[in-house]
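Here the structure is a predicted model, which is why all the values come from computation and not from measurement. Letters A, B, ... are given to chains in the order of the sequence lines, protein chains preceding strands, and every chain is numbered from 1.
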Amino acid sequence: QFHEDVKDEL
Amino acid sequence: MNIFRLAGDMTHLVSVLVLLLKIHTIKSCAGISLKTQELYALVFTTRYLDLFTDYISLYNTVMKLIFLGSSFSIVWYIRRHKIVRRSYDKDQDTFRHYFIVLPCLVLALLIHHKFTFKEVMWTFSLYLEAVAILPQLVLLQRTRNIDNLTGQYVFLLGAYRALYILNWIYRHYTEPHYVHWITWIAGIVQTLLYADFFYYYFQSWKNNVKLQLPA
C-alpha cells in the first residue's frame, strides 16, 4: 500500500 | 501536493515548452540531442503506463499528456520535419541508446519494489530518466557552443529534479512511511549528473560570458 502514494508524482 | 513538487513540475513543464518553442519558432534543433529526446519519450511512456488505468487527479492526467505529447512532438520535429531535421547534427549525436537503456532495464529487473510488469517498467523509467541527459551533455561538450535556449533547457531540466529532492525530503517528514529509496537514489544521481553543468552555467551567468563547457 505504501507504493500507491509515490505514483501520484509525475 | 507541496510547493516543492509544484515548482518542480512547473520547471519541468517550462523546460520542455522552452525546447518545443525553440524548435518550432526558429525551425532549428542545433545543439539538441535527438538521442536524449528519444530517451525522454521512452521515460514518459514507461512511467505513465497507468495513464488510462489509475486516475489520480486532473492535474496529474493533464501533465502526463503534456509531457508525453511534447516529448514525442520534439522527436517528430527532429526526425521528420523537413526544415528542422536539416539542423540535426547526427555525426556528433552518436551516443548509443542501448548503452543506457540496457543497464537500466537490467537494474530494474534486479532492484525494484515489486516484480510486476508495471512496477518494473516504472522503476526502469526512474533509472532511465536519471541518465537520459547524458547524450545531451556529451553533445554540448563536443559542440562547445551552447546557445541560450539550450543552456536554459538543460538548466531547467536539472532544476526540476533538484526541486523534487526537496519534495521527497518534505514528504518524508510530513507523511508517515513515505519511503521510496529507489526514487530518491535515482533522483539524487540524476541531479548530480547536472552538477558540473550547473557550475559552468552559473560561472557564465555570473561573469556574464558565453557558456563554454571544458573539453
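Using a 4.5 Å heavy-atom threshold, the side chains of A/Lys7 and B/Glu119 count as touching. You'll find the side chain of A/Glu9 reaches within 4.5 Å of the side chain of B/Asn167, heavy atoms only.
Heavy-atom neighbours of chain A within the stretch residues 61-72 of chain B, taken at a separation under 4.5 angstrom, comprise B/Met63, B/Lys64, B/Phe67.
For B/Phe52, the CZ atom is loosely surrounded, since the number of other residues' heavy atoms within 6.0 Å does not exceed 12. Heavy-atom neighbours of B/Asn148 CG from other residues, nucleotides or ligands within 6.0 Å: at or below the threshold of 12. Under a cut-off of 6.0 angstrom, the local environment of OH in B/Tyr59 is crowded, with over 12 non-hydrogen atoms contributed by other residues, nucleotides or ligands. By the 6.0 Å contact criterion, CH2 on B/Trp205 is open, its count of non-hydrogen atoms from other residues, nucleotides or ligands being 12 or less. Heavy-atom contacts from other residues, nucleotides or ligands closer than 6.0 Å to CZ of B/Phe95 number more than 12. Counting non-hydrogen atoms of other residues, nucleotides and ligands closer than 6.0 Å to NE2 of B/His97 gives a total above 12.
Heavy atoms of B/Tyr164 lying under 4.5 Å from chain A belong exclusively to its side chain. Proximity to chain A involves both the backbone and the side chain of B/Asn60, based on heavy atoms less than 4.5 angstrom apart.
Note that CZ of B/Arg47 and CG of A/Leu10 are 8.5 Å apart. Values are rounded to the nearest 0.5 Å.
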